[in-house]
Amino acid sequence: MDEILKLQGLKYDAKRLAEIAAEVEVLNDAVRKAAEARLTFDDEPAAFASVMEREARK
Amino acid sequence: MRNDDIALWSLSEVADAIAARRISSVEATEACLARIEVWQPRVNAFLRLYKDKALAQAKAMDAELAAGKRRGPLHGVPMAHKDMYYRKGEISTGGSAIRKDWRAPVTATALEKLDAAGVVELGFLNMAEFAAGPTGHNVHHGHCRNPWDQSRVTGGSSSGSGASVAARLVYGALGSDTGGSIRLPAAACGVVGMKATYGRVSRAGAVARSWTLDHVGPLTRTIRDNARVLAAIAGHDPNDSTTSEKPVPDYEAALEGGVAGLTIGLALPKEGLVPLDPAIGAAVQAAADALGKLGARITPVTLPDFTALYRAAEVMVKCEAAAMHRPWMEKTPDLYANQVRTRMEAGFFIPATQYIDALRLRAHFVKEFLSTSMDSVDAVILPAIPFPLPTIEETDTEQKGGPAVLKMVAGFTGLTRPFNTLGLPALSVPCGFDKNGAPIGLQLVGRPFDESLLYRIGHAYQGATDFHQRVPT
């Protein structure tokens, strides 16, 4: 965590860092699990816009 | 017309009356100003009121009409907007202290389009600081208060938009929606709010909360009003590369199609991030019954587990907000409300790979939702806010804090934020009042770019109910 703080140029006390760590863990876990079940090498962010156009009612 | 007080007419009624020269734009503007004088001290909806400028603008609109020029279906109609739409050379606070004297270098595309349509601008409206907050609290400019009960929240972040439209101070207002910020104040204040499909309306010149999840849209008293404003602001914009080139339909022309033959999915989620209050569920069930009587086929649908969609949205918002706010967070952190600043801090610690995966997941989430919950229905209806409206004091995270308060505040967006991740059109329509007399919102969700169908359903529903015609006193 100290290294991340140095890289980001941030200053937080230990109590706040612990709170943030807990928050990030929840978010990371949720995204990682969703990604494991769905994402492949070929998925890219721009696919979203294509899907929206394609799935519109004809 | 059904009332002598012009301020109580709908946007469409007043626009049509101005066009027919039965009333003038100046008269409509004066009616709004008179009401603002009475209600502003109660609800704190306006951050800046442009009285003289609005009257001069209204006079110019009347002169144009007298000379045979009508700009469009909003000619001469007074509106005001969330204080995050840039007007070149004018102050635009974004609800913040940091930008309290900042002047915008450009005019937002949505405002340019409303200018071209002939709208009179009454001023700019209260909002959550930098559009971060679902309740309507603002420590810098004062909390916005619900016209139905001034001890209760307005919903946010477009708090002033919801309050001003509900109190009949303006005929319509622009809001913005990153996790529910149009639909929540619409639901809480008893008005109509549309978060159109991502890419339907340009975000250029609007303060960003999250470039990926922000949606620009109108709050109005009726569905017809909303359709008219959306038609004016929708469409491709070279200044916003995420806007779609799909043509904008004539939303008003499709309003009278009725609901006979449509299949509408009813979702009353019993489990999830926030439990559904039975009274709210009953109001939504009653709305479904009303649509059923109008000829729609109502069928229960199961929503997916929204947890992943919700968390993915949080990752996007936190990372993007942390990036854009970083200079201020480093130099002037004390100028933020605590809850606004602390909600962004996690964004500095989320790995870029997680953020990118959240973006990559969106296409999968949309395909899954459309092929499951929406597979055999034309639209889905569900509550906008899953519980009765709390008070300002109960949800004051700056003063109270603690897990219970934070959980309640987070709960506001439990049923709205997932549709920002999905980018689907979502509309909030008033469908009743809770045990405290505060409004309840019905949320309608459609396929991509299916705003016309949502308006059609909402219009049929408003034809059979009168919740949208009730006025706070």
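Everything quoted here is computed from the prediction, not taken from an experiment. Just so we're on the same page: letters track the sequence lines, and every chain starts at 1.
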Checklist outcome for this item: Greatest number of non-hydrogen atom pairs under 4.5 angstrom with chain B, of A/L39, A/V51, A/V26, falls to A/L39
Checklist entry - When only pairs under 4.5 Å are counted, which of A/A30, A/A47, A/A46, A/A35 shares the most heavy-atom pairs with chain B? => result A/A35
Search all heavy atoms of [X] against all heavy atoms of [Y] and return the closest pair with its distance.
| X | Y | value |
| --- | --- | --- |
| B/A346 | A/I20 | CA-CG2, 3.9 Å |
| A/P45 | B/L359 | CB-CB, 3.9 Å |
| B/A312 | A/V31 | CA-CG2, 4.0 Å |
| B/P448 | A/E55 | CD-O, 3.8 Å |
| B/R360 | A/T40 | NH1-O, 3.1 Å |

Item to check | Steps toward side chain to side chain contact (heavy atoms under 4.5 Å, CB included) verdict (B/T342, A/E19) | outcome: CA-CA 10 Å; B/T342 55; A/E19 290 169 353; over 6 Å; no
With a 4.5 angstrom heavy-atom cut-off, is it the side chain or the backbone of [X] that approaches chain A, or both, or neither?
| X | value |
| --- | --- |
| B/F365 | side chain |
| B/D450 | side chain |
| B/S371 | neither |
| B/R362 | both |
| B/L370 | side chain |
| B/F348 | both |
| B/L309 | neither |

Item to check | Derivation of the side chain to side chain contact (heavy atoms under 4.5 Å, CB included) call for B/E314 and A/E23 | outcome: CA-CA 10 Å; B/E314 284 190 289; A/E23 187 181 351; 5.6 Å; no
[X] versus chain B, heavy atoms under 4.5 Å apart: side chain, backbone, both or neither?
| X | value |
| --- | --- |
| A/A56 | both |
| A/E53 | both |
| A/E44 | backbone |

Item to check | Atom pair CZ (B/R447) and CE (A/M52), whose distance is rounded to the nearest 0.5 Å | outcome: 10.5 Å
Item to check | A/R38 (side chain) donor-acceptor with B/H364 (main chain) under 3.5 angstrom | outcome: no
Checklist entry - Can you check whether A/N28's main-chain N or O pairs, donor with acceptor, with B/Q354's side chain at less than 3.5 Å? => result yes
Checklist entry - Among B/K318, B/M329, B/E245, B/E330, who wins on heavy-atom pairs under 4.5 Å with chain A? => result B/K318
Next on the checklist: Before you tell me yes or no, could you show the steps for B/F349 and A/L17 under side chain to side chain contact (heavy atoms under 4.5 Å, CB included), namely the whole-Å CA-CA distance, both residues' side-chain angles and the distance that decides it to 0.1 Å?
Outcome noted: CA-CA 10 Å; B/F349 299 91; A/L17 279 176; 4.0 Å; yes
Checklist entry - Stepwise, does the side chain to side chain contact (heavy atoms under 4.5 Å, CB included) test hold for A/R16 with B/E345? => result CA-CA 10 Å; A/R16 180 64 188 138; B/E345 287 171 339; 2.7 Å; yes
Item to check | B/D378/A/R57 ion pair, N-O < 4.0 Å | outcome: yes
